[in-house]
Amino acid sequence: MRFDDILADALELGALKTEEYILSPEKYDALKRLDLNGVPLEVVCDVVAFCEANNKDNTDWVVLPVANFDCYYGIQTLVKSG
């Protein structure tokens, strides 16, 4: 990978986000009432907050960095193979 490629990718992706996204109390309470099937509430709240913060206006899709979440929490909670 060349330095020019890294710069081009960075320019295309845009500025880094540093602001913290916090779920509203209503959404947090709604998540607390769900059957999370053993997944810790903290993990679910972080994933939902990530999706809301990174959702583009023109799409319903959000790319989840599953490996990053797994490394951060030290567990494999987001993808269950069936």
Stepwise side chain to side chain contact (heavy atoms under 4.5 Å, CB included) check, Glu52 with Val62: CA-CA 9 Å; Glu52 288 185 2; Val62 174; over 6 Å; no

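- Within the model, atoms CG of Leu41 and CG of Leu34 stand 9.0 Å from one another, a figure rounded to the nearest 0.5 Å.
- Atom CG in Asp29 sits 10.5 Å away from atom CG in Leu23 (nearest 0.5 Å).
- From Ile22, atom CD1 reaches atom SG of Cys45 across 11.5 Å, with rounding to the nearest 0.5 Å.
- Formation of a donor-acceptor pair under 3.5 Å by the Asn54 side chain with backbone atoms of Phe50 is found in this model.
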